[in-house]
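All values derive from a computational prediction rather than experimental measurement.
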Protein chains: 2
Amino acid sequence: MIQYSKIAKVIEERIKNHIYPPFMKIPTQQQLADEFGTSRMTVKKAIDSLIYLGLLVSIRGSGTYVMSNPIANELDFSGKSYLGLSATMQGKGRNLSSKVIAFEHVFPDNLQQKRLLLNETDPVYRIIRLRCLDGEPYTLEYTHMPIGIIPGLNAEVLTHSIYSYIQNDLGLRIGSSYRVIRANIPDAYDRKYLECSDNDPVLEIEQVVYLDNGMPFEYSRSRHRYDKGGVSVNNQVTQMDKTFTWKKKDF
Amino acid sequence: MIQYSKIAKVIEERIKNHIYPPFMKIPTQQQLADEFGTSRMTVKKAIDSLIYLGLLVSIRGSGTYVMSNPIANELDFSGKSYLGLSATMQGKGRNLSSKVIAFEHVFPDNLQQKRLLLNETDPVYRIIRLRCLDGEPYTLEYTHMPIGIIPGLNAEVLTHSIYSYIQNDLGLRIGSSYRVIRANIPDAYDRKYLECSDNDPVLEIEQVVYLDNGMPFEYSRSRHRYDKGGVSVNNQVTQMDKTFTWKKKDF
DNA sequence: CAGTGGTCTAGACCACAAT
DNA sequence: TTGTGGTCTAGACCACTGA
């Protein structure tokens, strides 16, 4: 494993075990560099990754401190997650099952061509799955993926984890995603499969997911029951954002 | 301005002006280092910040490429934004107005004490504002802030931008935030102020915002009309996430 | 003032992609 | 094999905090 990742894991463990309790000032970068027998730059990279996760905060001239906890509850899933719903819920000890409602090979419409950078003659899978959490309807997913990029999808894979298949069987790596989160009115499918009443809102997540070479491989819309949790997002302001903010003295 | 930020701005301009068009391989880190008269590490930091923003993707052994565009539309606001709604909408050329519905000094309840790390005797502002976009109801904000951290708030500030006041008048800097995004059923206030019908869902954003020293200064719930856009989130998988994914061969 | 984190250098070695 | 990005070093200087 990469050196700064190893150091970050050790520090993360110390935070979780309260060896570094909330609000504690942790050792200086130089002290940690000495402890791990590495350079200060490498320690800083480890610390930066934990700042990104919201576990630490560094203050120049003062030190690095353990952050307090986020507001997310157990059912919310992270806006930073890419492992797919199966792995996310497995990590939380929940039982996720999938029922395939539609699975076919089609040609992409204009929107899908644009999102997935395809021609109208490039075939895609059209997949509709109902995901149930501990036996209760949780989310209805409408997924389109290019067959050329993700070959060999079948019903067996769909009832388990597409993301596991992509990463472990095809050996592809996921790089980034764009998501838009909205509230919406339930439609006939939501009422039928998510068992929404006419007034129950749905939480819709539209996303494009890219491989680590920048190629889009999934365009999907997921419609969630509103009472089954939300999406959590945590963000750190980068140095560039601070500089930008700094300049905005004019209004 | 910091050197890598300057370099990042130049590269960002080149992307926006299509000097580096979508999917183009940009010059190597070494070439850019020579061009800007700096070291490769500094160029890499600039590139990393643009990868974080979703503008570039680097592939080891191959090169760095301009990413294709996100799905966000103009009315969605970014999950990465901290400048407050006023600055966000000003940046988009929209006209935002604020109507103060409630403004008082109160003592925090249990939840607010926990989120803002306060005692029950530490006074907070309780603020309810209706934000209108181009004259139409947009979002209803319920905000609590510790008076001790943000002194001197008044009606004048509330009708303009609290964030501008915090940064420009108080000289404080915003560091990070945690958000949870949900769909919900409209309540009486939503129907009255957002002019929701009984069936219109609302998009609720609960957030805690921290100063750059890690101190929480805002706890708020914002309820948006569902037809006025959503929240966009873009994410890059970090090297650590990749390592984690890599190890998950077992399910 | 001393201590701390942020940035930067000028190299080096390695992993990986493309040929 | 060559070129590229990822990581790492051992120092340096600066900006900022806090005594």
Enquirer: Checking side-chain polar atoms at under 3.5 Å, does B:D34 have a donor or acceptor matched by the opposite partner on B:Q30?
Expert: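 Yes, side-chain donor-acceptor contact under 3.5 Å.
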Enquirer: Nearest of D:dG6, C:dA17, C:dG6 to any side-chain atom of B:S58?
Expert: D:dG6
Enquirer: By nearest atom, which of the nucleotides C:dT7, C:dC8, D:dT17 is closest to the B:S39 side chain?
Expert: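 The closest nucleotide is C:dC8.
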Enquirer: For D:dG3, does the base pair up with any side-chain atom of B:R60 as donor and acceptor (N or O, under 3.5 Å, distance only)?
Expert: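 Flag unset: no donor-acceptor pair detected.
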Enquirer: Out of D:dT17, D:dC8, D:dG6, which has the shortest distance to the side chain of B:R40?
Expert: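 My answer, after comparing the listed nucleotides, is D:dG6.
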Enquirer: What is the ring orientation for A:F103 with A:Y125, classed by angle as parallel under 30°, tilted 30 to 60°, or perpendicular over 60°?
Expert: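 Aromatic pair A:F103/A:Y125 classed parallel.
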Enquirer: Would you tell me whether B:E206 and B:S220 have side-chain atoms, one donor and one acceptor, within less than 3.5 Å of each other?
Expert: no
Enquirer: Should A:Y4 be listed as having a side-chain N or O under 4.0 Å from OP1 or OP2 of D:dC8?
Expert: no
Enquirer: Would you call A:R14-A:E35 a salt bridge at under 4.0 Å N-O?
Expert: yes
Enquirer: Among C:dC8, D:dT17, D:dG6, which is the nearest nucleotide to the side chain of A:S62?
Expert: D:dT17
Enquirer: Can you tell me which nucleotide in C:dT4, C:dT7, C:dA17 comes closest to the side chain of B:I59?
Expert: C:dA17
Enquirer: State whether A:T42 places a side-chain N or O below 4.0 Å from either non-bridging phosphate oxygen (OP1 or OP2) of D:dT7.
Expert: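 Answer is no, no contact under 4.0 Å.
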Enquirer: C:dT7, OP1 or OP2 - any side-chain N/O from B:Q3 closer than 4.0 Å?
Expert: no
Enquirer: For A:G37 and for A:Y65, locate the closest nucleotide of DNA chain D by heavy-atom distance; then report the residue assigned to the nucleotide nearer the 5' terminus.
Expert: A:G37
Enquirer: Give B:K44 one of three labels, base, sugar-phosphate or nothing, depending on what nucleic acid heavy atoms sit under 4.0 Å from its own.
Expert: base
Enquirer: Name the residue closer to the 5' end of DNA chain D, choosing between B:M41 and B:P27 according to the nucleotide with the nearest heavy atom.
Expert: B:P27
